[in-house]
Visitor: 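Handing you a structure now.
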Number of protein chains: 2
Amino acid sequence: MLVAVDCIVFGFDGEHLKILLIKRGFQPEEGKWSLMGGFIGSDEGLDEAANKILFQLTGLKGVYLEQLHAFGNPNRDPERTISVAYFALIDILKYQTKLHEDYHAEWFLTIEMPTLIFDHNEMVEIAKQKIRYKAAHHPILFELLPKKFTIPQLQSLYEDVYNTKIDNRNFIRKLTSTGLLIKLEEKDKSNSKKGAFYFKLDKKKYKAKIQTFLNLVPNAENLIG
Amino acid sequence: MLVAVDCIVFGFDGEHLKILLIKRGFQPEEGKWSLMGGFIGSDEGLDEAANKILFQLTGLKGVYLEQLHAFGNPNRDPERTISVAYFALIDILKYQTKLHEDYHAEWFLTIEMPTLIFDHNEMVEIAKQKIRYKAAHHPILFELLPKKFTIPQLQSLYEDVYNTKIDNRNFIRKLTSTGLLIKLEEKDKSNSKKGAFYFKLDKKKYKAKIQTFLNLVPNAENLIG
C-alpha cells in the first residue's frame with residue numbers, strides 16, 4: 001500500500017486568505033490543479049515528510065504545520081494511496097516566489113479555488129473547518145500575519161476565514177479585551193492619509209493556553225461545522 | 001508499506017472512566033497489553049476498518065468513533081507500519097462481555113493502565129488530550145453515559161476525564177445552566193437512602209452546535225494541552 005502526505009498551504013498577503021496550488025506535471029491527472037504532496041520514504045516520519053514537502057514548495061522552515069486527517073477511501077485515487085493531509089499557515093510576504101516556477105505553483109483566493117484532483121477539494125474543506133474550529137479557541141490566525149499588522153488587516157483575515165462580514169467597532173472592542181495586541185507608534189499610510197496604527201502580538205500572552213475567541217466573530221457557533 | 005488501524009476504546013461503568021485493552025496473542029510482543037488493531041484491507045476505507053475492529057472487540061455498532069491521528073514514526077514498530085488511531089466512547093453496560101475471552105480483553109482504570117506495546121501509550125495520551133479538548137466545546141462525554149444517569153455519575157466522569165476534583169455545588173449549577181439535562185421522576189437509591197434523581201439528555205439541544213463547557217471544570221484551560 002502506498003502512503004503519501006499532502007500539504008494544504010494557506011497564506012495571507014495582507015488583504016486576503018489564499019491557498020497555494022500546483023499544476024500537476026505528471027500522469028494521472030496531468031495539467032490539473034492539485035495540492036502539493038509526495039510519497040513517504042521508508043525511513044521517513046510523517047511530520048518529517050510534510051515538512052520536507054513544504055520546504056520544497058515554499059522555501060520555508062519552522063512555519064505552522066499540523067496534521068489534519070488521514071484519507072483512505074479505497075476509491076480516492078487510482079493507485080489505492082492513503083494520504084495523510086497536513087495544513088500550513090504562512091505569511092505570504094515571507095514566501096520565496098521564485099520557487100513558484102519549478103512546480104507551476106499559484107496562489108488562489110480561497111473563495112475562487114479551482115476543482116482539484118482526487119479528493120483534494122474535500123481535504124481543503126476539512127482544513128478550513130479545522131482552522132475555523134481551532135481559531136475559536138487558539139490565536140492561530142496570527143501565524144498568517146506579518147510581525148506588524150493593522151486592525152483592518154486582521155479583520156479581513158477573520159472575515160475570509162469565517163467567510164462572513166464583521167462589524168468593525170465590535171471587532172476592535174473584543175480584540176482589545178483579549179489583551180493579545182501591543183499598539184506600535186508607527187502607522188500604515190498606504191490605504192488612507194489618516195493611516196492605521198500597526199500592532200504586534202504579545203508573544204508571552206500568545207503562549208497562554210486555550211481561551212475563547214468565539215466572540216470575535218458574530219454567530220461563529222453556526223459557522224463552525 | 002503496511003497501514004493499520006488501532007482503536008482506543010474508552011468506557012464508563014457508572015463509576016469510573018476505563019480503557020479496553022487486549023493481551024496480544026502473537027509475535028512480536030506476544031503476551032503484552034495492547035490496543036486492538038488490524039491491517040487495512042486493500043478494498044477497505046479507514047473508517048470502515050476501524051468500525052470493523054470495534055465491532056469484533058465489543059459487539060457494538062453505531063457508537064461514537066472518531067479518527068484521532070496517524071502515527072508514522074519509522075521506529076514505532078519493527079515492520080514500518082503506519083497506524084491510523086481512532087478513539088471510541090462507549091457505555092460499558094452495553095458492552096457484550098462474552099467477547100472478552102476471544103481477545104483476552106480487559107477494562108483498566110485509565111489511571112492504572114499498564115505499559116503497552118510500541119507507541120500505544122502515546123496514542124492513549126493523545127486521545128485523552130483530544131477528549132479533554134473536545135469535551136470543553138461539545139457534549140461528547142454523554143456518549144459514555146447510560147440513557148438515564150445521576151449527577152454524581154456525571155461528575156465522576158468529568159473528574160476522571162480531567163483527572164481533577166470538582167466542587168459539587170458549582171458543578172450542578174453550571175450544568176443546569178447548559179439546559180442540556182431533563183430531570184426524571186425516578187431516583188437511583190443504590191448509593192443512599194435519600195437517593196439521587198436520574199436525568200436524561202435533551203437530545204434536541206445536544207445536536208446544537210459548538211458551545212463552551214470549559215466552565216464545568218475549574219482551571220480546565222490548564223488541564224487541556
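Letters A, B, ... are given to chains in the order of the sequence lines, protein chains preceding strands, and every chain is numbered from 1.
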Visitor: Count the heavy atoms of every other residue, nucleotide or ligand shown that sit under 6.0 Å from CZ of B:Arg169, and state whether that count exceeds 12.
Guide: no
Visitor: Can you tell which of A:Val3, A:Leu68, A:Leu2 has the highest number of heavy-atom pairs within less than 4.5 Å of chain B?
Guide: A:Val3
Visitor: Report the distance from atom NE2 of A:His138 to atom OH of B:Tyr133, rounding to the nearest 0.5 Å.
Guide: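 One gets 3.5 Å once the value is rounded to the nearest 0.5 Å.
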Visitor: Quick one: side chain to side chain donor-acceptor pair (under 3.5 Å) pairs with a partner in residues 32-41 of chain B, sequence neighbours left out?
Guide: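 Passing the test, one end in residues 32-41 of chain B: B:Glu29-B:Lys32.
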Visitor: Taking heavy atoms only and a threshold strictly under 4.5 Å, list by residue number the residues of residues 36-46 of chain B that touch chain A; give 'none' if the list is empty.
Guide: B:Ile40, B:Gly41, B:Ser42, B:Asp43, B:Glu44, B:Gly45, B:Leu46
Visitor: Could you list the residues that satisfy side-chain contact (heavy atoms from CB on, under 4.5 Å) with A:Ser156, not counting sequence neighbours?
Guide: A:Phe12
Visitor: Test your reading of the model: is there a side-chain donor-acceptor pair from B:Gln67 to the backbone of A:Ala70, 3.5 Å cut-off?
Guide: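 Yes, the answer is positive, given that a donor and an acceptor are paired below the 3.5 Å cut-off.
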Visitor: Enumerate the salt bridge (charged side-chain N to carboxylate O under 4.0 Å, His left out) contacts for residues 70-84 of chain B, please, sequence neighbours excluded, ordered by first and then second residue.
Guide: B:Arg76-B:Asp119
